[in-house]
Amino acid sequence: MEALDTRYNQNEEPDIYDLWEKSGIFTPETSKKRGITDAEAPPFVVVLPPPNVTGTLHIGHAFEDTVQDIFVRYHRMLGEPTLWIPGTDHAAIATQAKVEKILSKEEGKSKYDLGRDEFLKRVNAFAKESHDTITRQIRRLGASLDWSREAYTLDEKRNLAVRTAFKRMYDLGLIYRADRIVNWDPKGQTVISDDEVVYEERPAKLYTFRYSKDFPISISTTRPETKVGDTAVAVHPEDQRYKKFVGKIYEANFCGAQIKVKIVADSSVEKDFGTGALGVTPAHSMIDWEIASRHDLPLVQVIDEYGKMMVEDVRLKGKKTIEAREVIVAWLKNEGLLEKEEDVTQNVSTSERTGAVIEPLPKLQWFIGVNKEFVLEHSSIHGIPSGSKTTLKEIMRKSVSEKQIKILPERFEKVYFHWIDNLRDWCISRQLWFGHRIPVWYRSTDAHGKPNGIPSDSRGVETYVNVEPPKGSDWEQDSDTLDTWFSSGMWTFSTLGWPEKTEDLKRYHPNAFMCPGYEIIFMWVARMILMSGCLLGEIPFRTVLFHGIVRDSQGRKFSKSIGNGIDPLELANTYGADALRMALVIGAAPGNDVTFSEDRVRGYRNFSTKIWNLARFLRMNSRPEFSHGNHKFDEGDRATLQEFEAVKKAVTNHIENFDLHLAAEGLYHYVWHTFADKVVEEAKPRLQGDDSEKAHRAYHLLDHILVDCLKMLHPFMPFVTEAVYRKSHPNDLLTEERWPYIPHVE
RNA sequence: GGACGGUUAGCUCAGCGGUAGAGCACUUCGUUUACACCGAAGGGGCCACAGGUUCAAAUCCUGUACCGUCCACCA
């Protein structure tokens, strides 16, 4: 028998992950065929939240993947056919921005210097490299994914799914194109959705002034430069101060711009704020645009896509908004129109990815209507019968309110419902090059008439929407791409082969479980419910467990810009992946943020060593005669076993309740401070004494408990436990063993 | 302006109705043949504050104060 080193070193063990992968156990069909999981048991299906191909995994991914792997391995050990689907996300805006940055830094070029095709080649090469790194990292952490089903949000199959979805939702009237005020990111040169806007509090000045000397009402604004685009002043209908002006139109020369301002009454105006009168700039404010559409006011765009002024006056033309603001304030002062200047804190909208200040602009974009009624042909969603009229909002709400989807921790339900209540139509088109191209084609009608009988829109453009391009060479495809979350939203079923009617889809959808971070509850989780509900008439998953954010010792998020990133692989190399996993799981109550410290990892590395040495101790005390014959346990042994039974039950219950931190901690304490420190110590005299019979019994007891502990530790610490197990069971895999306690089913 | 979370040992955090817990750090001891990435023993907390419910509260309720997060079109 080979002697074991006193320390466990994952790097020196044979490639255990390779053994698992080759055994086929990560593929449910194989494990079922081999009889490792029950053919009849309902499958436990999970999709990995696909990491963005923007570089490498960070510690947060390691946390997320560990949590999922623990559940997946646990359920597999319960005998359930288990499918955990791996994949990566093209993350359109994030990846494109990243490559643009590299391009500019390393070659001093912009994407326009390369052109669309060449630029996309670069992005794809970058994505490929990231993908390879990421999948290597995921394996190194031990994630038991079915690699035979790996997917990418931008591969062929997913592209077909996306085009099909777009077409169907267009036909249902849910996807439409319209002119709206949208969130324009001047740095990224694209529109973004409301959910990609991040609000930042910044100090600002609130200016109160009149447009001109003879204008009867003063207004307040933090953005005087937009006021050259004002077409109205709105007041509250019951505001006695202004009632007499309603309906009147005033003209003024405002810093060189001729403006025509109508006084309108709108109940959205707060009487008590500022002067109680609101300067309406329909082209550069969401709220103003809405007021304008209610009162049929004209729209004057004064800021362009680069955040520069579009007015003719030389003092302003081509100036950036901030510069224009100074010019206008100086002009107001000069003219004696400025009445007040106050310091305020303002909520500035910025772009999540580029950090740029959002410029609301009027643009023609594609949207998904969340309040639009449509007929849901086939539905298994509680409260929405097949063939009934519904809306996407209702689908999203009912899926959760009818308890078909369980959100954990429960407090996030409230967050989810609140989001739905405030939800507006989802802008899905992006002026990015990297992503799913919108499956819409145009040609102008004046040259070609209407050969397909498709009505042209008011712009004199014929529009063709379909999964495949139209015949004929005079069509031009929409140059925009789709919001990356459009394809992510379909992830639970696009990974299973939709729109084909595959066996996988039948068997594995809805998924059983999902474990994303709470920061993507809207961007991703809600969109999955929307997409799945709309296209399949099904919920995407039954349980979603939100996890918190992993933060550094100062409570900051890990991010490349701060430079506090820790490479999970480096930690895994130093301390072992098992130690890293334990450190991430213990102390992390569901949904709570975790402060990460390397000390903890070190502590659990020591625990790995402890497990290793427990096994080593047993080997050293094994005698040839132990290999045959069973031995009855005596009373003391039975008490020990009874205590152990309680631990098994507690650990199992904790996992069933999604309290992994409690399960892991319970195991840790039992193994170290009860089993090693007490049970083993007390058995030593018997084990090492001359009485072979007694020794055998002691050995038998310790071996029995150790093996069961290894099984229970396995989901948490798969590598050491497998390594140790294989020393005594060279022909078996611990991964294929059954969980040693049957959970109580309610 | 709303909602949610946090406030427990020096540090990081569990516990969430029954006499205060873990890891790390700290002190003392230990040249024991599984393990020093070890063992034994120990110090250290009016569980943010104020009320209330209860036989019993860190744990439930109500307020307050800080810290944090998310949401919101007061210009």
Side-chain angles (χ1 to χ4, degrees), chain A residues 3-9 181 194-195 197-199 204 206-208 219-224 226-227 230 233-234 268-281 285-291 344 346-347 349 360 409-419 421-424 518-519 521-522 548-549 551-555 557 575-576 579 582-583 586-589 591-621 659 661-662 664-666 668-669 672-673 676-677 680-681 684 687-688 702 706:
Chain A
L4 299 184
D5 190 36
T6 58
R7 288 182 187 176
Y8 163 72
N9 184 339
I181 299 295
D194 296 342
D195 295 282
V197 174
V198 178
Y199 294 98
L206 181 68
Y207 303 95
T208 302
I219 54 157
S220 300
T221 184
T222 52
R223 298 199 62 192
T226 63
K227 299 287 110 179
D230 279 15
V233 163
S268 70
V269 178
E270 294 274 338
K271 273 192 283 191
D272 302 326
F273 184 85
T275 62
L278 168 66
V280 181
T281 322
S285 155
M286 221 74 90
I287 178 173
D288 293 8
W289 186 83
E290 281 168 14
I291 293 174
V344 291
Q346 193 191 196
N347 245 349
S349 331
E410 273 177 34
R411 67 184 134 98
F412 288 109
E413 258 191 27
K414 212 168 173 179
V415 179
Y416 174 80
F417 287 127
H418 184 252
W419 177 80
D421 290 339
N422 288 300
L423 186 61
R424 293 185 301 186
Y518 64 72
E519 74 274 16
I521 179 166
F522 312 134
I549 295 168
R551 296 174 183 279
D552 73 2
S553 53
Q554 293 167 58
K557 275 188 179 182
Y575 302 108
M582 283 294 270
I586 292 185
N592 285 8
D593 291 354
V594 198
T595 306
F596 184 79
S597 89
E598 200 165 325
D599 273 348
R600 277 243 292 273
V601 188
R602 198 175 299 123
Y604 294 109
R605 185 268 318 267
N606 298 352
F607 183 49
S608 296
T609 310
K610 193 76 187 178
I611 295 168
W612 181 261
N613 277 292
L614 276 167
R616 184 163 170 268
F617 172 75
L618 270 189
R619 276 169 86 75
M620 291 171 71
N621 286 286
D659 286 323
H661 61 305
L662 299 181
E665 211 175 335
Y668 174 90
H669 280 105
W672 199 321
H673 300 300
D677 291 350
V680 171
E681 289 305 323
K684 266 183 185 175
L687 193 59
Q688 290 163 349
L702 296 186
L706 179 66

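In what follows, chains are A, B, ... by sequence order, proteins preceding strands, each numbered from 1.
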*Side chain of A/Glu681, base of B/rA34: donor and acceptor closer than 3.5 Å?*
yes
*Between A/Asn347 and A/Asn621, which is nearer to the 5' end of RNA chain B once each is assigned its nearest nucleotide?*
A/Asn621
*5'-most contact on RNA chain B: A/Thr222 or A/Thr609, nearest heavy atom basis?*
A/Thr609
*Nucleotide nearest A/Trp672 (side chain, heavy atoms from C-beta), chosen from B/rU33, B/rG39, B/rA75*: B/rG39
*Mind checking who B/rC4 pairs with, Watson-Crick or G-U wobble, both distances under 3.5 Å?*
B/rG68
*What are the two closest non-hydrogen atoms of A/Ala277 and A/Ile219, and how far apart are they?*
O-CG2, 3.8 Å
_Base of B/rC4 paired with side chain of A/Arg411 (donor-acceptor, under 3.5 Å)_ = no
*Whole Å only: how far is the NE2 atom of A/His418 from the C1' atom of B/rA3?*
7 Å
_Donor/acceptor link under 3.5 angstrom from A/Lys610 side chain onto base of B/rC35_ = yes
*If B/rC11 has a Watson-Crick or G-U wobble mate with both distances under 3.5 Å, name it; if not, just say none.*
B/rG23
*asked:* To check you understand the geometry: which heavy-atom pair defines the closest contact between A/Val269 and A/Gly276, and what is its length?
replied: CG1-O, 3.5 Å
*Both distances under 3.5 Å, Watson-Crick or G-U wobble: report the partner of B/rC49, or none.*
B/rG63
*Nearest to the side chain of A/Glu665, which nucleotide is it out of B/rC4, B/rA36, B/rA22?*
B/rA22
*Proximal nucleotide (of B/rA34, B/rC74, B/rG23) relative to the A/Tyr668 side chain*: B/rG23
*Does NZ or CZ of A/Lys610 come closer than 6.0 Å to the centre of the six-membered ring of A/Tyr668, within 45° of the ring's axis?*
no
*Would you mind reading off the distance between A/Ile287 atom CD1 and B/rC73 atom C1', rounded to a whole angstrom?*
4 Å
_Value in whole Å for how far the C1' atom of B/rU69 lies from CZ of A/Arg551_ = 8 Å
_B/rG6 phosphate, OP1 or OP2, under 4.0 Å from A/Asn592 side-chain N/O_ = no
*Go through the N and O atoms of the side chain of A/Lys227 and the base of B/rA75, and report whether any donor-acceptor pair is under 3.5 Å.*
no
*Figure out the CE/C1' separation between A/Met582 and B/rG23, and round it to whole Å.*
11 Å
*Rounded to the nearest angstrom, tell me the gap between atom NZ in A/Lys414 and atom P in B/rC71.*
16 Å
*Just name whichever nucleotide pairs with B/rC16, Watson-Crick or G-U, keeping both distances under 3.5 Å, else none.*
none
*What is the pairing partner of B/rA56, taking Watson-Crick or G-U wobble pairs with both distances under 3.5 Å in any strand?*
none
*With a 3.5 angstrom cut-off on both distances, give the Watson-Crick or G-U wobble partner of B/rG39, or none if there isn't one.*
B/rC29
